[in-house]
Amino acid sequence: MDSPASGSETAAVSSAFDRFDPRVQKWIWDQGWQSLRSAQEHAAEPIMAGDRDVIVAAATASGKTEAAWLPICSVLATAPPETGVKALYLSPLKALINDQHSRLDQLCEYLELPVHRWHGDVAGSQKKLVLRKPDGLLLITPESLESLFVNQGEKMGKLFGGLRYVVIDELHSFIGTERGAQLRSLLHRLELATRHQVPRIALSATLGDFAAAAEYLRPGAGEDVVVIDAAEERAELRLQLRGYIAADPIKAAADPTGELVDWAKGAIVDHLFATLRGTDNLVFTNARGLVETYTDLLARRCADANLPNEFLPHHGNLSKEVREHVEERLKASDTPTTAICTSTLEMGIDIGSADSVAQIGAPLGVSVLRQRLGRSGRRGQPAVLRLYVSENQLDERTPPADAVRAELMQTIAMVDLLLERWYEPPDLKKLQLSTLLQQVLSVIAQRGGADAASMFDALCARGPFRNVDQPMFVALLRVMGQAELVAQAGDGLLLHGQAGERLVNHYSFYTAFTTDEEYRLVSRGRTLGSLPVDYPVSVGSLLIFSGRRWRVLSVETEQKIIDLEPARGGKPPSFPGVGAEVADEVRRRMRQWYESDDVPPYLDKIAQRLLDEGRSSYKRLLLAQQPIVSWGRDTVLMPWRGDKIMNTLAVVLRQHHLEVGQDGVALTVRRTNAFGLWELIRDLAVDRQPAPLVLAETVANKASEKHDRFLTEELLIASYAARSLDVPGAWSALAELATAPRPESEAE
DNA sequence: AAGCTAATGAGGGCAA
């Protein structure tokens with residue numbers, strides 16, 4: 001927690017400070033704080049009232065967690081001991097729990113309140129202590145709370161009977177996800193088990209739509225949630241967008257050595273090496289493979305210059321030991337370290353403050369960019385953000401999607417929205433059937449059996465799965481019966497079936513999201529990390545991993561272990577994944593930038609040139625008037641809409657027997673001429689909009705979530721339609737496309 | 001024209 005450099009308001013005259021318990025006040029004095037921060041000042045009263053839900057929205061490092069804990073601890077200071085857990089803190093990360101634990105432990109010592117941790121790495125003995133003497137604060141993951149419901153079902157009322165507060169950290173990371181649906185279900189079930197409503201205090205730095213976040217936090221009563229929007233004066237931001245031009249992809253592909261690094265990567269590495277060496281920085285990429293590529297290149301630059309390496313990788317497939325080593329080095333002040341990383345270093349793990357943040361490639365989203373930026377610029381220092389964007393060299397064969405320099409424009413649009421404090425809105429339409437299936441099994445485990453009506457009431461009608469109506473819930477129970485996940489006892493009570501028993505009794509049950517099977521990578525007995533099993537490796541293959549080069553010594557298929565020895569060559573593995581969904585607002589903002597002549601002041605020379613090229617292409621292709629472009633035998637559509645609408649358009653066109661490729665800003669309709677497509681679009685635009693379910697029926701692969709494999713086609717259709725289709729949005733795009741002038745038909 | 005695509009989490013019983 002940082003002390004403000006200057007504070008005209010002292011703690012002694014603060015109204016919030018006066019309300020705190022004397023021992024909390026003493027703790028604040030002992031920290032040497034001159035004043036409370038804005039979020040802390042404003043959150044105290046509504047939290048201490050103890051009867052309402054509160055969202056604390058404040059920037060990273062603005063004392064957000066203290067804004068929740070100081071008033072909560074003040075209230076709990078006078079509560080009778082050992083009446084059960086009094087405050088529950090839910091975190092998306094184990095590392096965050098460990099951080100919070102060490103910070104809270106000290107404050108709570110003043111109050112003689114125990115602070116307990118509970119997650120997968122915590123010793124069983126500590127967990128037993130909580131079960132024996134439940135009291136104080138409990139810091140836990142959603143998965144571990146799930147395990148408590150499954151394994152300690154009958155004790156939940158006693159464990160949490162005295163619960164006064166629930167704190168949810170990094171709320172944005174849950175919204176719209178399977179994990180979020182699980183979390184909301186667990187919170188609701190907690191209130192049912194303890195027979196009283198518990199105030200929910202949510203923390204986040206990147207909420208765009210407060211009303212939606214409030215409704216997410218308290219389904220059905222979002223308007224009663226108190227929102228503390230403590231946007232403090234924006235700290236200075238130093239921003240640069242650097243453009244790079246990559247080698248012609250055809251020439252690069254034809255390179256026989258395979259060693260050729262494209263020009264852009266080499267130039268980016270040169271700049272990173274020259275700029276970041278000697279300081280602590282975070283370089284974010286959008287892919288784990290790219291982390292490996294850049295770390296390897298930077299480490300070689302260090303070796304070539306006879307300098308110790310300061311560039312280290314950090315991503316989700318590296319072992320905990322490898323990652324913790326990097327985190328330690330970032331924290332230590334005497335070892336300059338730059339971590340090349342993915343989202344793993346996005347959230348509030350305490351690594352001190354970075355001197356600067358770099359982002360390679362267009363950001364995955366505006367809120368992702370905000371999170372990443374938040375890792376630099378603490379302690380009154382300006383935040384420094386460098387964005388590196390490379391585009392392919394232009395020639396007459398460059399397709400429209402590349403010619404418009406979409407990646408550069410997306411970056412500019414996202415910076416724009418970031419400065420306006422716009423963030424991706426939550427998607428509250430999803431059905432989350434996969435997670436509902438999990439929760440049905442969990443409720444049965446918790447209660448030793450449950451009847452359908454009470455489960456529908458608890459989970460759907462009054463619970464968080466409100467988008468699921470009774471017929472759909474009945475259909476879900478029916479497929480669960482057919483798959484022997486549940487079975488009905490004579491008295492109508494639902495119990496686990498054989499398959500359900502197996503599922504619930506394995507620890508993989510507790511997560512709501514899917515995970516791939518992986519090999520463990522080992523060198524001389526040390527675990528380096530893991531690789532997805534479907535990535536091809538054989539004895540002798542060369543690999544770049546953990547920023548170093550390896551040869552595969554052995555592959556043990558049974559134990560899923562790959563043994564490695566150091567080598568000289570190699571290439572990074574590819575990791576499977578899905579691209580992030582680009583929001584509608586981002587694409588609309590991109591279009592505004594194409595149609596403007598403004599040049600953002602933070603572009604370097606090459607970025608300016610790329611901007612010019614993008615705008616020239618936009619004009620040359622007449623995209624302002626005619627977003628239907630003839631491209632060889634294909635036709636390209638560029639309606640500047642978000643990915644959900646782009647997907648819906650693709651589904652609609654495929655329904656008319658067209659082959660459609662989805663490629664970011666463009667839909668490529670193969671072997672179709674522009675005139676014919678324009679006619680079809682004009683017909684579609686005046687047609688009645690199809691029902692989403694009818695449209696979803698035509699989609700081939702609809703399963704994507706953990707338990708989707710159990711669902712019937714009918715349930716999959718409903719789930720897909722809610723998740724991936726925006727029919728009104730698609731029809732508004734069609735209407736706009738239909739106003740385009742008649743394209744010239746191709747000469748036969 | 002082709003390649004590229006994040007992260008998160010996880011128990012209990014048993015034997016020594």
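In what follows, chains carry the letters A, B, and so on, assigned in the order in which the sequence lines appear, proteins first and then strands, with residues in each chain numbered from 1.
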Enquirer: Establish, for the pair A:Arg189 and A:Phe149, whether the NZ or CZ atom is under 6.0 angstrom from the six-membered ring centre and no further than 45 degrees off its axis.
Expert: yes
Enquirer: Are A:Leu297 and A:Phe311 packed together at the side-chain level, in the sense that at least one heavy-atom pair is separated by less than 4.5 angstrom?
Expert: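 When only atoms from C-beta onward are counted, A:Phe311 and A:Leu297 do not touch, as no gap falls below 4.5 Å.
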Enquirer: If the test is side-chain hydrogen bond (donor to acceptor under 3.5 Å, both in side chains), which one of A:Arg288, A:His325, A:Glu327, A:Glu324 qualifies with A:His314?
Expert: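 With A:His314 as partner, side-chain hydrogen bond (donor to acceptor under 3.5 Å, both in side chains) holds for just one option, A:Glu327.
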Enquirer: If I take atom NZ from residue A:Lys64 and atom CG from residue A:Leu203, how far apart are they, to the nearest 0.5 angstrom?
Expert: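 Going from NZ on A:Lys64 over to CG on A:Leu203, the span is 6.5 Å.
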Enquirer: Report yes if the side chains of A:Glu292 and A:Leu318 come closer than 4.5 Å at any heavy-atom pair, otherwise no.
Expert: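 They are in side-chain contact.
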Enquirer: Using a 4.0 Å cut-off on protein heavy atoms (strictly under), produce a 5'-to-3' string for nucleotides 5-14 of chain B with B for base contact, S for backbone-only sugar-phosphate contact, and - for none.
Expert: BBSBBBBS--
